[in-house]
Number of protein chains: 2
Amino acid sequence: MDTLIALNKFRKYFESFVPLNDEEWQALSQYLTVDPLKKKKFYVEAGKVCDQIGLVVKGSVRYYHVKDGEEITGYFSFEDEMLSSYKSFLTRTPAVNYIQALEDSVIVNLSHKNLQQACMNELLGFKMERFGRLVAEHYLICYEERVTSFITQSPEERYSQLLETGGEALYRIPQHYIANFLGITPVSLSRIRRRIMKISA
Amino acid sequence: MDTLIALNKFRKYFESFVPLNDEEWQALSQYLTVDPLKKKKFYVEAGKVCDQIGLVVKGSVRYYHVKDGEEITGYFSFEDEMLSSYKSFLTRTPAVNYIQALEDSVIVNLSHKNLQQACMNELLGFKMERFGRLVAEHYLICYEERVTSFITQSPEERYSQLLETGGEALYRIPQHYIANFLGITPVSLSRIRRRIMKISA
DNA sequence: TCAAAACGTTAACAAAAGATAAGGAATTGG
DNA sequence: CCAATTCCTTATCTTTTGTTAACGTTTTGA
């Protein structure tokens, strides 16, 4: 993907939170890099500090933990979504999870160092700060809703809701990743799917 | 509780994220109110917009949803923790949960309107913005870890970990609230407790 | 102070989910 | 292009969890 198109996608995403004039964008774009992430390559690996935050401008990634030698998928990021191991990035501690490309992807990256510099930049500081707040709030709300779903809904209800809210991307993801995402086993998800099929049939 | 003591607690909390000089604090404190919240009184009710964000300076509160006529406890806030229905507060939409005082409490409140004014205040704007970002990031990390625990751990593991990390406050909270918090039934938690007792005995 | 309500535990049974294995379809990667 | 792997489903069996109800204790509130 063309670097300029990628950067413009980042600008559009940024501006959905905080508007920028051309001068500000010019300054901000200096801090960004556009990097390809080939399928199966890692954006983050457990044990290493996640040193950047990025926007998926093409493709998709999968977040997963490894427990007892098993991969457990926790989340996904698709086009026009941010990606990072937030805790690792924010606290400068080793990540506890992996982030891996599900397909050939392109990421617009902002390294920790560059973010700090952008925040100290006269012209940008305030807007970077606000962007950071709004993005954090956005994902805070996402997580809040996810926790609520774990507490108030059965696995079957969670899956039904996912079918309603999740886009077509859902159909490109292996079922066992979705099962992990819902907090159940693949076998259990398969049973739920059969039950739902019978009802709607 | 004395108003000044309460306000100083808020200052201390704020400064654990962003330092303030006396002049800035003087400005900020104008936007705050100190309100008692008697046991069983509501800080937020489902269906109403949560119009403020607060810091618990004394006491504790419980977050809960009502589903099929049943109360399901999702979270708690204790002394020196923030409280709000974040989604409702941030998006100005009706809350989907209740927040109720577990004991006679005192809250230092910042209304949505006052927060906006503080953000537009020359002297404070930047620091408010940063405080907002850091608090959002802090709770983002909390939620991230909670979601991870739902996906990677069994209810028994979640409870064991809660025993390790949760403070003495744990022993003041009814078991069935904790069961909800863990995403299981009170009966199931009781069985887990017996199993753990046997092991450690 | 005292009756009512709330709590935690336990038991018995039902329902759901996990574990394991097998089989066929789809995908992958050389 | 084809062998190897991954994937989804299904079946069986085990374990865990949910449901309901009962009982004694503690707490609450009038």
Side-chain angles (χ1 to χ4, degrees), chain A residues 38-41 59-60 62 64-73 76 100-104 149-160 162-163 169-201, chain B residues 38-41 59-60 62 64 66-73 76 98 100-104 149-160 162-163 169-201:
Chain A
K38 284 273 178 198
K39 183 171 180 173
K40 301 226 174 162
K41 290 286 180 189
S60 52
R62 171 174 76 104
Y64 69 88
H65 292 256
V66 173
K67 191 192 177 191
D68 303 332
E70 296 270 303
E71 294 184 4
I72 301 176
T73 298
F76 311 92
Q100 188 186 43
L102 283 170
E103 51 196 322
D104 286 354
S149 79
F150 275 111
I151 288 173
T152 64
Q153 298 184 306
S154 68
E156 184 153 345
E157 287 171 321
R158 286 205 293 282
Y159 180 62
S160 296
L162 184 64
L163 285 181
L170 218 58
Y171 301 99
R172 286 184 284 135
I173 297 176
Q175 296 297 327
H176 62 286
Y177 292 172
I178 293 175
N180 286 162
F181 175 83
L182 294 169
I184 58 179
T185 61
V187 177
S188 191
L189 176 58
S190 187
R191 287 189 282 235
I192 287 172
R193 282 160 60 81
R194 183 170 39 163
R195 260 179 273 159
I196 289 177
M197 251 173 51
K198 279 188 181 166
I199 291 168
S200 61
Chain B
K38 283 275 177 195
K39 183 171 180 173
K40 301 230 172 159
K41 290 286 179 188
S60 52
R62 171 175 76 104
Y64 69 88
V66 173
K67 190 191 178 192
D68 304 331
E70 296 271 302
E71 293 183 5
I72 302 176
T73 298
F76 310 92
Y98 298 82
Q100 188 186 44
L102 283 170
E103 50 196 322
D104 287 353
S149 79
F150 274 111
I151 288 173
T152 64
Q153 298 183 305
S154 67
E156 184 153 344
E157 287 171 320
R158 286 205 293 282
Y159 181 63
S160 296
L162 184 64
L163 285 181
L170 217 59
Y171 301 101
R172 286 185 281 135
I173 296 176
Q175 296 296 328
H176 63 285
Y177 292 172
I178 293 175
N180 287 161
F181 175 83
L182 295 169
I184 58 180
T185 60
V187 177
S188 192
L189 176 57
S190 186
R191 286 189 283 235
I192 287 171
R193 282 160 61 82
R194 183 170 42 163
R195 262 180 273 160
I196 290 177
M197 250 174 51
K198 278 187 182 167
I199 292 166
S200 60

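Here the structure is a predicted model, which means the values were calculated and not measured. A note on names: the letters A, B, ... follow the listed sequences, proteins ahead of strands, and every chain is numbered from 1.
Remark: P of D:dT28 and CG of B:Asp104 are 12 Å apart, rounded to the nearest angstrom. At whole-Å resolution of the value, CG in A:Leu102 and P in D:dT6 are 16 Å apart. Distance, B:Ile192 CD1 to D:dT16 C1': 9 Å, rounded to whole Å. What separates CD1 of A:Ile173 from P of D:dC7 is a distance of 13 Å, to the nearest Å. Atom CZ of B:Arg158 and atom P of D:dT16 are 15 Å apart (whole Å). Between A:Ile178 atom CD1 and D:dC7 atom C1' there is a gap of 13 Å when expressed in whole angstrom units. Protein atom CD of B:Glu71 is 16 Å distant from nucleotide atom P of C:dA5, rounded to whole Å. Atom CD of B:Glu157 is separated from atom P of D:dT17 by 11 Å (rounded to the nearest Å).
Defining each end axis of the helix from C:dT1-D:dA30 to C:dG30-D:dC1 as the rotation carrying four pairs' C1' atoms onto the next four, with five pairs an end, the two axes are found to diverge by 70° to 10 degrees.
Nearest heavy atoms, B:Leu189 versus B:Ala179: CD2-N, 3.7 Å. Residues B:Ile72 and A:Ile151 share a closest heavy-atom pair of CG2-CG2, 3.2 Å. Shortest non-hydrogen contact noted between B:Glu157 and B:Gln153 is OE1-CA, 3.3 Å.
Neither OP1 nor OP2 of C:dA6 sits under 4.0 Å from any side-chain N or O of B:His176. Note on B:Thr185: every side-chain N or O is 4.0 Å or more away from OP1 and OP2 of D:dT17.
If you take CD on A:Glu70 and OG1 on B:Thr152, they are separated by 13.0 Å, rounding to the nearest 0.5 Å.
Aromatic ring orientation, B:Phe181 versus B:Phe76: tilted (interplanar angle from 30° to 60°).
B:Thr73 is not listed as a side-chain neighbour of B:Ile173, based on a closest heavy-atom distance of 4.5 Å or more. The closest side-chain heavy-atom distance from A:Ile196 to A:Glu156 is below 4.5 Å.
Residues forming a side chain to side chain contact (heavy atoms under 4.5 Å, CB included) with B:Lys41 (at least two apart in sequence, or on another chain): B:Leu37, B:Lys38. Looking at residues two or more places apart in sequence or on another chain, you find no side chain to side chain contact (heavy atoms under 4.5 Å, CB included) involving B:Ser190.
Within the structure, the salt bridge (Lys or Arg N to Asp or Glu O under 4.0 Å) test picks out the following pairs touching residues 169-192 of chain B (sequence neighbours left out): B:Glu103-B:Arg172, B:Glu168-B:Arg172.
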| remark: Reading nucleotides 9-15 of chain C from 5' to 3' and marking B where a protein heavy atom lies under 4.0 Å of the base, S where only the sugar-phosphate is that close, and - otherwise, the string is BBBB---
| What string of B, S and - do you get for nucleotides 25-30 of chain C 5' to 3' if you count protein non-hydrogen atoms under 4.0 Å? | ---SS-
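No donor-acceptor pair under 3.5 Å is formed between the side chain of A:Gln100 and the backbone N or O of A:Arg62.
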